[in-house]
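What you are looking at is a predicted structure, and each value in this text was computed from that prediction instead of being measured. Start at 1 with the first residue, then count along the sequence.
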Amino acid sequence: MTIGEAGSALAFAALALLSIIIAAKAYTPEYAFHAYLFAAASVAAVFAIVNHYYERPATLPAQTINGKPNYNMGPVRFATIASVFWGIAGFTIGLLIATQLAFPALNFDTSWLSFGRMRPLHTSAVIFAFGGNVLIASSLYVVQRTCRARLVGEIAPWFVVLGYNFFIVIAGTGYLLGITQGKEYAEPEWYADLWLTVVWVAYFLVFLGTVMRRKEPHIYVANWFYLAFILTIAVLHLGNNATVPVSIFSPKSYIVWSGVQDALVQWWYGHNAVGFFLTAGFLAIMYYFIPKRAERPVYSYRLSIIHFWALIFMYIWAGPHHLHYTALPDWAQTLGMVFSVMLWMPSWGGMINGLMTLSGAWDKLRTDPVLRLMVVSVAFYGMSTFEGPLMSVKAVNSLSHYTDWTIGHVHSGALGWVAYVSFGAIYCLVPWLWNKKELYSMKAVSWHFWISTLGIVLYISSMWVAGILQGLMWRAYTGLGFLEYSFIETVEAMHPFYIIRALGGALFVAGSVIMAWNVWKTITTAEAVEEEALPAQPALVAAE
């Protein structure tokens with residue numbers, strides 16, 4: 001038994017014992033339930049590690065077989081399937097709360113299905129469960145292929161994938177049980193955050209260790225973006241979740257920051273969760289999967305490096321634009337606005353680089369719906385990164401802030417950019433990971449593309465109109481200086497737009513169900529690639 005196997009088994013045994021003690025003395029039954037989940041998962045981990053030890057060969061898996069890297073794709077397969085599952089779950093919950101806004105009776109008068117509990121469940125499911133699993137799957141695949149090296153560790157990659165998904169279960173059930181910090185994109189309480197910290201450090205070490213044992217002297221640019229995403233999210237997570245628990249037997253904790261400092265740290269975290277989780281990580285996907293699918297080198301490797309450094313230096317300062325017209329000092333608000341406007345340039349540099357990679361291969365868009373998904377995602381990225389800086393300008397923000405325009409903006413990026421590039425990556429990964437010649441049905445991919453695109457258009461256009469209408473109604477005054485509309489009148493005016501949004505969401509969910517069916521059929525029935533016909537697939541090379 002290796003040190004890693006023995007140490008992991010002992011650590012999980014200790015965690016199981018501690019969890020049982022906490023469950024016995026927990027202040028609330030909800031917290032006790034989570035403690036029992038930790039205990040059960042820890043016991044299962046001990047059995048899995050011991051079984052792995054007895055079932056594996058006497059020697060650990062070779063780094064190479066017949067001169068070719070012996071890649072470890074098991075964790076990648078799991079994360080890929082998990083991303084499809086969590087995607088449908090998250091999109092469906094989003095559809096539920098969208099219809100609740102149009103028809104409030106759909107909460108069925110129960111706290112379990114109330115908007116207040118469903119909304120954070122939706123955001124966490126689509127960002128961290130769906131998006132996070134796509135990022136983990138793609139990063140562990142890309143780092144192996146571009147470095148021509150097997151993942152570091154045998155237990156660690158599985159701990160990252162399974163541990164991350166266990167965090168998702170703890171966070172999601174916590175929202176339903178009413179356990180929350182009440183911080184946007186950071187709702188899980190202290191014990192879930194602590195667990196995620198351990199998992200994330202393991203993720204960083206696995207990724208960095210694989211890069212360090214690479215056989216390729218060059219570090220491909222996608223790995224730069226993955227490393228920036230992993231490292232920065234770790235710093236943001238620690239800063240924004242610096243809390244003091246009431247007790248080890250209580251789920252409740254108190255943040256060390258107070259007042260406006262807490263707000264500033266929260267939106268330093270919140271906007272850079274967008275910047276590094278939902279942008280840098282998915283740009284890494286763009287830089288690998290679009291050139292790979294188009295069979296073209298990156299348009300400009302020099303531009304990709306400029307894009308990288310400009311993006312990571314500027315993004316970290318943009319958070320204060322979420323706090324215009326609040327107690328935050330005016331100079332800090334202006335600083336956030338200025339850096340947000342400056343961000344437009346490196347963002348569009350990345351968009352141009354992604355689109356121009358198709359130079360000489362534009363004809364593929366007619367025949368390859370997977371590539372079409374990814375190219376449209378880059379177009380949405382460009383649109384969202386123009387709209388974001390525009391909305392950060394104080395004069396525009398005075399109209400848009402707190403309105404559904406912001407919801408439209410977020411979803412143009414989330415559905416058009418993040419989800420579409422994720423769909424493209426999943427459609428690429430599934431045949432590669434299960435050694436299939438191609439997807440089961442390319443026609444189904446086309447149906448997915450067109451149905452979900454119609455859904456996105458309905459969603460974001462209705463929210464843009466609704467948001468601007470809201471802003472104008474809120475600031476309308478009569479000749480005598482009184483507000484022209486009551487708040488309930490503005491809510492009533494939103495009703496038709498909320499129905500259109502729900503229809504758009506339903507179409508998007510339908511598209512994701514088509515994808516899940518196609519993935520399942522590809523894995524189970526698509527034609528397999530002959531083992532001897534599998535190419536070595538050299539790493540991508542720079543264009544310059």
Report the C-alpha distance between His307 and Phe225 in whole Å, list the side-chain angles of each, state the deciding distance to 0.1 Å, and finish with yes or no for ring pair (Phe, Tyr, Trp, His ring centres under 6.0 Å). CA-CA 10 Å; His307 173 210; Phe225 279 92; 5.3 Å; yes
Is the number of heavy atoms from other residues, nucleotides or ligands within 6.0 Å of [atom1] ([X]) greater than 12?
X      : atom1 : value
Tyr27  : OH    : yes
Trp474 : CH2   : yes
Tyr325 : OH    : yes
Phe115 : CZ    : yes
Trp464 : CH2   : yes

Hey, mind stepping through Trp267 and Thr326 against side-chain contact (heavy atoms from CB on, under 4.5 Å) and telling me if it holds? CA-CA 13 Å; Trp267 284 111; Thr326 66; over 6 Å; no
Is a donor on one side and an acceptor on the other found under 3.5 Å between the side chain of [X] and the backbone of [Y]?
X      : Y      : result
Trp224 : Ile219 : yes
Asn133 : Ala129 : yes
Gln181 : Ala186 : yes
Trp417 : Leu278 : yes
Tyr175 : His122 : no

Close aromatic pair by centroid cut-off 6.0 Å: [X] and [Y]:
X      : Y      : answer
Phe449 : Phe423 : no
Tyr220 : Tyr287 : no
His324 : His401 : no
Phe282 : Tyr381 : no
Trp200 : Phe229 : yes

Residue pair Trp195, Phe159: steps toward the ring pair (Phe, Tyr, Trp, His ring centres under 6.0 Å) verdict: CA-CA 12 Å; Trp195 172 255; Phe159 172 70; 5.6 Å; yes
Under 4.0 Å between a side-chain nitrogen and a carboxylate oxygen: does that hold for Arg119 and Glu184?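 Here Arg119 pairs with Glu184 in a salt bridge, since their nearest N and O are under 4.0 Å apart.
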Can you check whether [X] reaches [Y] side chain to side chain, under 4.5 Å on heavy atoms?
X      : Y      : value
Tyr498 : Ser462 : no
Phe380 : Ile460 : yes
Ser124 : Ile168 : no
Met374 : Ile285 : no
Phe497 : Gln470 : no
Trp405 : Val396 : yes
Leu140 : Val161 : yes
Phe38  : Leu18  : no

Measure the [atom1]-[atom2] distance between [X] and [Y] for me, rounded to the nearest 0.5 Å.
X      : Y      : atom1 : atom2 : value
Met337 : Asp330 : CE    : CG    : 9.0 Å
His322 : Thr406 : NE2   : OG1   : 9.0 Å
Phe130 : Leu135 : CZ    : CG    : 9.5 Å
Ser139 : Leu151 : OG    : CG    : 9.0 Å
Met463 : Thr403 : CE    : OG1   : 10.0 Å
Asp404 : His409 : CG    : NE2   : 14.0 Å

Whether His448 and Tyr427 hold their rings parallel, tilted or perpendicular, with breakpoints at 30° and 60°: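 Plane angle over 60°, so perpendicular.
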Among Phe276, Phe277, Tyr185, Tyr315, which residue meets the ring-ring contact (aromatic ring centres under 6.0 Å, His included) test with His271?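 Per the ring-ring contact (aromatic ring centres under 6.0 Å, His included) rule, the option paired with His271 is Tyr315, out of Phe276, Phe277, Tyr185, Tyr315.
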